[in-house]
Amino acid sequence: MLELRFIRENLDLVREKTARRGKEEQLLDTFAATDSRRLSLLAEVEGLKSTRNTVSEQIAELKKSGRGAEAEPLIADMRRANQRIKELDGELGGIEESLMGVVMAIPNLCHDSVPVGKNEEDNLQVKIWGSKPAFNFPPKPHWELGEDLGILDFERAAKLSGARFALLKGFAARLERALINFMLDLHTERHGYTEVLPPFLVNTPSMTATGQLPKFADDLFRIADHDLYLIPTAEVPVTNIHRDETLEENELPRKYTAYTPCFRAEAGSHGRDTRGLIRQHQFDKVELVQFTTPAQSEEALEGLLADAEQVLQLLGLHYRVVVLCSGDLGFSAAKTYDIEVWLPGQDCFREISSCSNFLDFQARRGSIRYRPSGQKKSRLVHTLNGSGLAVGRTLLAIMENYQQEDGTIGLPEVLLPYMQGRL
RNA sequence: GGAGAGGUGACCGAGUGGCUUAAGGUGCACGCCUGGAACGCGUGUGUACGCAAGUACCGUGAGUUCGAAUCUCACCCUCUCCGCCA
């Protein structure tokens, strides 16, 4: 969420930056009208309340000094004033609700280093690492490899749960677990993150702070009869650890890593990526989350990206980094790097990590602050997060990149300690 | 799920209708004192909205009242005991 006063004073800038994302410019007109209506209502009702407070004190004085009778006309006045206050408060409540609706729907401002563009075709490649592995046989997609080896079972998963679920067996299940441990060990031991294991169900305020609600409820699974949602990413519980808190400046940056399963309804993606592990309702992810001062966040994004890249480098997987253009940027993000891993079985790069700087957009929604050393006024922190990495996609990338002519799968050396040294 | 106790500022803790402008303490910041420190003394110490005056905020939401931290109702959370359970 952007600051109310900032939008009011920079209406054209916000309008222009929202337009760069290619959406919802008319929101800003609604904002302007609703905002000024709110301000005038506020002035009127606060004036009345101010009077009421003064008069109530007078009434107290009169009653105390035994002149209760003289208070009667004042009390009658206040009864009338309260009528009006009630009306205005009611109207104000309605206005504020719709204003909130508008402000919550305005996306973050994109960072000036973000290329302007319409969709993913305008994303800018900023780095490429490694090279495509050479095969002297036609490489297969992971679903064929997995079904042939009996380690990926989509049919039975469909029986259990439906489409977009997978049953991992034997080597695949073991490899999934190995990858989780490998990633967590790397980030905690070498990159300075603190490991956390958060709840996988969160409430509405948590989903609202990170930006999934109110706009994107359709993407979430909700628990019937409870104010609880299955998390679509560990970003939600981990960022919310410090919701409604004030941190000390010397505690920043704070870096957390968490393994969680992630649950996504994938509404609106019917027919896309229907085969294999690419797009599931449930998948595992190791997430990186950072809380920083405003001065630190730009550099922190580069660091977070490097931490995620390190996983692929150690696994020996060919990848590239793209910076998302304005039109492809997520709602809450000011800047996002996607890491895309090479998949020889499908002859393309696919997203395996998304690393974003949210500036104070989430911090304002969740009231996450820090106190600059020696100052009494607190400020909003900056939040960042990124996948480090999506575990399911890492698994399938290993399967496709390390496949052998006989249909078996090799292993990156760094995983051997996690796989008891063998398949 | 049942019974009981409780939720007040960064923290502890007082406060059952109007000098509460939330006492007192701890912590923290700044200043004085000191060769330097401790002790002591003094000052300050939240958030949101608003250009400001000001308004709102004592778990959340409704209500009663001229006036609510304080009274009423509902809900949420924490603790103890019981039941159930991995």
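Worth knowing before you read on, the calculation uses all heavy atoms, side chains too, and leaves out hydrogens, waters and symmetry mates. Remember, predicted model here, so these are calculated numbers, not experimental data. To find a chain, count down the sequence lines: A is the first, B the second, and so on, and within it residues start at 1.
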Which whole-number value in Å describes the distance from Glu96(A) CD to U55(B) P? 17 Å

For Glu57(A), look at atom CD and say whether over 12 heavy atoms of other residues, nucleotides or ligands are found less than 6.0 Å away. no

Does OP1 or OP2 of C28(B) have a side-chain N or O of Arg371(A) closer than 4.0 Å? no

Hunt down the Watson-Crick or G-U wobble partner of C51(B), both distances under 3.5 Å, from any strand shown, or write none. none

Measuring only the C1' atom in each nucleotide, how far is G24(B) from C79(B)? A whole number of Å is fine. 26 Å

Distance col, row Thr257(A):OG1 vs Asn385(A):CG, nearest 0.5 angstrom, shows 11.0 Å

Any strand: nucleotide that pairs with A68(B) via Watson-Crick or wobble, under 3.5 Å: none

Can you find a side-chain donor-acceptor pair between Thr383(A) and Gln362(A) that sits under 3.5 Å? yes

Mutual orientation of the aromatic rings belonging to His191(A) and His187(A) [parallel < 30°, tilted 30-60°, perpendicular > 60°]: tilted

Go ahead and name the base partner of G1(B); Watson-Crick or wobble counts if both distances stay under 3.5 Å, otherwise write none. C82(B)

Interatomic distance, Tyr370(A) OH vs G46(B) P [rounded to whole Å]: 17 Å

Residues, nucleotides or ligands: over 12 heavy atoms within 6.0 Å of Arg379(A) CZ: no

Can you tell me how far CD of Glu3(A) sits from CZ of Arg8(A), rounded to the nearest 0.5 angstrom? 9.0 Å

Identify the nucleotide, in any strand shown, that forms a Watson-Crick or G-U wobble pair with G6(B), with both distances under 3.5 Å; if there is none, say none. C77(B)

What contact category does Ser378(A) fall into here, base, sugar-phosphate, or nothing, at under 4.0 angstrom with non-hydrogen atoms? sugar-phosphate

Scanning all shown strands, the Watson-Crick or wobble mate of G35(B) with both distances under 3.5 Å is none

Value in whole Å for how far the C1' atom of G50(B) lies from CZ of Arg8(A): 8 Å

Same-atom distance (C1') from A23(B) to A69(B), integer angstrom: 14 Å

Any chance the side chains of His242(A) and Tyr256(A) put a donor and an acceptor closer than 3.5 Å? yes

Could you work out the separation of U8(B) and A53(B) based on their P atoms and round it to a whole Å? 31 Å

Can you tell me, in whole Å, how much space there is between the C1' of C71(B) and that of U16(B)? 8 Å

Whole angstrom is fine here: how far is it from CD in Glu3(A) over to P in A48(B)? 9 Å

Starting at CG of Asp227(A) and ending at P of U60(B), how long is that distance when rounded to a whole Å? 17 Å

Let's test this: given Watson-Crick or G-U wobble pairing with both distances under 3.5 Å, identify the partner of G17(B). none

Could you tell me the separation between the CD1 atom of Ile59(A) and the P atom of U65(B), rounded to a whole number of Å? 14 Å

Any strand is fair game: report the nucleotide pairing with C58(B) by Watson-Crick or G-U wobble, both distances under 3.5 Å, or none. none

Between Glu44(A) (CD) and G50(B) (C1'), how many Å, whole number? 16 Å

Please report the distance separating the C1' of G54(B) from the corresponding atom of G50(B), rounded so that it comes out in whole Å. 8 Å

For atom C1', what is the distance between G17(B) and C58(B), given to the nearest Å? 16 Å

Does Glu44(A), at its CD atom, have more than 12 non-hydrogen atoms belonging to other residues, nucleotides or ligands within less than 6.0 Å? yes

Tell me what Leu42(A) touches on the nucleic acid: a base, only sugar-phosphate, or nothing, going by heavy atoms under 4.0 Å. sugar-phosphate

Whole-Å P distance, U43(B) and A37(B): 22 Å

Rounded C1' spacing from G27(B) to U20(B) in Å: 23 Å

Pair Lys118(A), Asp122(A) - check salt bridge (charged side-chain N to carboxylate O under 4.0 Å, His left out), show working. CA-CA 6 Å; Lys118(A) 271 193 170 56; Asp122(A) 298 322; over 6 Å; no

Counting any heavy atom closer than 4.0 Å, what does Arg364(A) reach on the DNA or RNA strands: base, sugar-phosphate only, or nothing? nothing

By nearest atom, which of the nucleotides G50(B), U64(B), C66(B) is closest to the Lys86(A) side chain? U64(B)

If you compare every side-chain N and O of Arg369(A) against the phosphate oxygens of A48(B) (OP1, OP2), does one of them come in below 4.0 Å? yes

Using atom names, set out every protein N or O paired with an N or O of nucleotides 56-58 of chain B below 3.5 Å, distance rounded to 0.1 Å.
{"from": "A56(B)", "atom 1": "OP2", "to": "Asn53(A)", "atom 2": "ND2", "distance (Å)": "3.4"}

First encountered from the 5' end of RNA chain B, between Gly47(A) and Arg79(A): Gly47(A)

Within the structure shown, what part of the strands sits under 4.0 Å from Asn82(A) by heavy-atom distance: base, sugar-phosphate, or nothing? sugar-phosphate

Which class fits the ring pair Phe165(A) and His281(A): parallel under 30°, tilted 30 to 60°, perpendicular over 60°? tilted

Considering every strand shown, what is the Watson-Crick or G-U wobble mate of U45(B) when both distances are under 3.5 Å? G27(B)

Of Ile75(A) and Asp35(A), the one whose closest nucleotide on RNA chain B sits nearer the 5' end is Asp35(A)

Could you state the atom-to-atom distance from CG of Leu48(A) to P of A53(B) in whole Å? 19 Å

Please tell me if Ser50(A) has a side-chain N or O lying less than 4.0 Å from either OP1 or OP2 of U55(B). yes

